[in-house]
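All of these numbers come straight from a predicted model, not from anything done at the bench. In the text below, chain A, chain B and the rest are named by the order of the sequence lines, each starting its count at 1.
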Amino acid sequence: MVNDTGQLYTMEGVAAGLIMLLTAYIVISTTSVYTPGDTHITDMQLEQLGSDVLAMMDTPDTETGVSDLEVFVDHNNATGFEATFLDYCNATTGGAVDSLHMSATIYYQDGDEVKEYLFVPADDSWTGRESAVRATRWVQLDERSRGPPLDDRARAVLVEVLIWRD
Amino acid sequence: MEGLNEEGQWIVLMGLLVAVAMFFLALIVNQSALVGQTTAEGVLEFPKNDIRDLRTEIFDCVDEFGDTVDADVKKDIVVISLERKNAVVDFSVDPEVEISGGRWLHPVKIHYNNGVTVYDETVYY
Amino acid sequence: MRVTMDNDRAVSESIGFILILGLVVGSIGLVTLYGYPVLLKEQSTTDVRNMERAMIVVQNDLKSLCYKNVPYKETSLQVSGGTLEVINASSAAAEKFRVSNATGVVAEVKLGRLEYRSDRENYVITLENGAVMKRQADQTGSVMLAEPRWFYDPPTRTFVVYLITFNTTEYMSKTGVGAVKMSLPQKVTLVDDDPGTVTVEYTGGDYSTAWRNYLTSPSVGMAETDPNTYENTTPVDRLVVKVYDVWVHDI
Amino acid sequence: MNGDDGLLSLDFLAGFTIFMVALVVVVSMVPGLLVGLQSSGIDYDAVAYRTGVILVEDPGWPVHPPWELYDVYHKDEIERMGLAVSRDTPNILLSTKIEKFFNGSADGSGFFDYPDDYRRRVLFGDYPYVCNISMSILGGPTYMVGDARPQGYGYIRRVVKVKEPSSAIIQDNDLYRAAVPSNRTQFTVRLNCSELLDPSISPAYRIDPRIERISVKIANFSYYLNSSPYATLKNVRFHKNYATGSLPFPYTSISPEKYRFQIDGVDTTLTPNAHVNSTLYLMLQPASLPIDPNSVIDIVFTFEEPAPDPPRTTISGLHLYDYNATNVTRPDLTFGVLEVAVW
C-alpha cells in the first residue's frame, strides 16, 4: 500500500516532466524565428565613416587653401591619399587603431563614356569576399596641364573608395 | 489516500499548466515574428551624403565658373551621376541677383532623383 | 479533513487516479487534436512571412550590389517550411523583359530569379528583377511586396529602367540555414537620347499581375496597350537602361 | 500512519525532483525561443547614430545666443547640444562648444550633470540610455564623458575637423612705433564686425567674436620701449562705434568669465596703472561685449607716465583685427574623431 503510493508520486513526476518536455519540443520545433543577422548596421556605420573621411579630406584647413583630396587627385598622389584616408578612418579616441582597409577608383568622363582608373589598389587583405561598402566624393579639378588619363580641361571626377574591415 | 489526492495531483497539473503556457507563448512568438524595416536600412536608403556631396561639388563649380558653368563639367556631373550613383541630376546657375543685405548671389537650381528620393532646391550661392 | 476510516482510502485512490489520468489524457488529446494543427498552420504562415522578410533582406543586398556598386554581398538566412532555389537566367523557365524605343529593341533580357516555394501553404515568394513578389501557386494573381527602382523623372523627362539577371553555374536549392552569396561582375548602361515611344514587354507569365500594377502605378507611369505590353504615357527625352548580371555563388 | 508519512515524503521528494528538473530544462529552453524577438541591439545602434548626427551636424539649440554661452542659472533653457559650427558646415566643430559639452560629470563638479543632462539634450528618447561619448583632437586634448563601456553597445564613430579661435600677435611691428613719443599714448585694436561677420566667408573660417574668444598679444613689448626698462599702462578700455565714452564693463575687477588680462604673464585687472616690461596679453570671452553684426569695437590700451617723467614707450596706432593674415592668426582646422557608445 505504502509502496504503491510512493511509486505513483514518482510516476506523476515523470509524467509531468514528459508532458512539459514534449510540449517544449513541439513548440521549439514549430517556432522557427530566425531573423537574418542585421549586417546592414555595420554597413551603415562604415558608410557614414567613409563619407565623413572623404568630406573632411575635401575640407581645406584654411579659407584660401586647397583641400587635401583635390591635391592628391590632381597630382595623382595615391600614396598620400591612401595614408591620409587610412589615418583618418582608423583613428579612435582611445588611441587604438582600427583595422579598416581601402581601395580607391577614380571615374571620369571621356567622350560620352564614363571611364575609370584604379587610384589606390587593394592590399593583401582583399579576397573579393569581404563585406565592403563604398563611399564617394566629387572632386572639381581646375584646368591645368595634367597629362593622361585626365587631360588638361577643367573637370569633375568621382572618387570612389571601397572600405572593408579586416 | 489524502497523500495521493492532495499532493500527487498538482505535480501533473503543474506540468500541464506549464505545457499550456508554452503553447500560448509559441502562438504569440509566431505572431510577432515579423519586424519592420530597420533603422540601418532606412539610413542606407536615404542618400543624405550623396546630396550633400553633390551640392558641394556644384558650389565648387559656381566658384570656378560663375554663372557660365563649363558645359563639359556639367556633363561630367550629369553623366557620372547617372552611371555610378544611379541618380538623375540636373542643375542650373543663373546670373547674380541682389538679395537682402545688398549681396549679389547666383540662384542655383539643383534637381536630384534616384527613384527613391527626389530632391529639389533653389539656393542662393 | 482528517480521514480515519480505512475503506474510504481505497475508493478514493482509484477514483482519484482515474480522474487525474483521464484529465491528463483528455487534455493531451485536446491539444493534439486542436492546438497542434493551429500551431502548425500558424507556423507555416510564419515561415512564409519570415521568408518574405528574408527576401527583402536579400533585395537590400541586391540594392547594395547594383545601386551602390559594392562588389560582393552575403546574407545568411533560414529557409524553413519550403525550398529556396535559383532559376538561372538562361533556363527555359526564366521570364523576360524587352525594352524597345521607336526604332527597335534596346534590350532584351532573360531575368532568372530567386524563388521560395512553401510546402504547406501554396505560396511562392520570388525575387525577380529587383522586386519581391508573392503569389499562390497555380493561380494567376500576384502582388509586389517590395518594388524595384524604375522611375520616370518629370523635369528631365528621363526614364530609367533597371534589368537585373540572376546567373548560376549550377542548379542550387536550399532548405535550412544557408547563405545567399552574390556578386556583380559586370553591368551595362544603355543611354538613348531620343527614344520616342518606349515600350516594355514582359513575357513568361507568373507575375504579370504584379508587374502590371507596378508599371502602371504613378511612380513609373506607363499604360498597358496590349496584354503585358506597356508604353510610356509621358514623353521621354532620355531612356536609360541598366543591365546588371548578378552571379549567385551559393544559397 | 506515522511510519507511512516518513516513507511518503521520500517518494514525494523523488517525484517532485523529477518534476523540478524537467521544469528547469524547459525554462532554460524558452529564452532561446525568445531570442529572435530581441532587437534592442539594433535600437542602441540607431540611438548612437542619431546622437552622432546631432553632435556632428547640428549647432544645437538655441543658436542666438548659442547654448554653450548659457550660465549655470540658465542651463535649463538649453534644449539640444550640438557641436557643429553652423547648420551649413556639418562635421566642422567649434572648440568652445566641445569644451562646454565635455564639462560634465556624475558627481556634480562639472557644468552638466551626467547622465540626466545628456539624456535630455543629446540622447533623447523615453528609455534611460547610458552613454560614453569621447573625442580626441589631433595634437590636442582627449575629452570623455559617461560611463565605462560594457560588453555590447550601440556605436558610431565620426570623423570631424575642429575650429579653434583666432588671435592677433603683434610682434616687432615698426608701424606701431611713433617717431615722436609722447607722455600719453594710445594703441588701438579694432574689430569691425560687419567685416568680420561677412556672410560670404564660410562659418568654418569666420572670426565671430559673438561665439569665439578674441585674443591680442603684444609679444615683445621691449621693442616699443623708449630707452627705459618699462612703460606704465594706465588702463584698457572698450569703445563701441567710435563713441568717446567706454562701454560698461568690469574694468576694475578680475572676472574670468568675461576676460583675462596679463601683464608680463601676471593676471591683472583692466585698470592696472602698472609697469610693462615684456608682454601684454588680453583675451575676451565670447559675447562678453554687446556686439551686433554692425558694431565696431575698439580695444584701447592707454599708456601714461606721471608728469615729470619722460615718454617711456613709442607704441601707438591702430591694429585691425581682420582677415588679413599678417594681422590675425587663424589656426588651421584640426582633425578630430568623435565616438559615441550607447547602451
Angle class for the Trp150(C)/Phe97(C) ring planes (parallel below 30°, perpendicular above 60°, tilted otherwise)? tilted
With chain C, the option among Leu82(B), Asp90(B), Val116(B) that has the most non-hydrogen atom pairs under 4.5 Å is Leu82(B)
Tell me, for Tyr162(C) versus chain B, whether the close heavy atoms (under 4.5 Å) come from the side chain, the backbone, both or neither. side chain
Of all of Val89(B), Val118(B), Asp120(B), Asn114(B), which one pairs up most often with chain C through heavy atoms under 4.5 Å apart? Asn114(B)
For the residue pair Arg117(C) and Tyr123(C), would you count it as a cation-pi contact if the rule is NZ or CZ under 6.0 angstrom from the ring centre and within 45 degrees of the ring axis? no
Pairwise side-chain contact, Glu147(C) with Tyr214(C), heavy-atom cut-off 4.5 Å (strictly under): yes
Parallel, tilted or perpendicular for Tyr202(C) and Trp211(C), by the 30°/60° rule? tilted
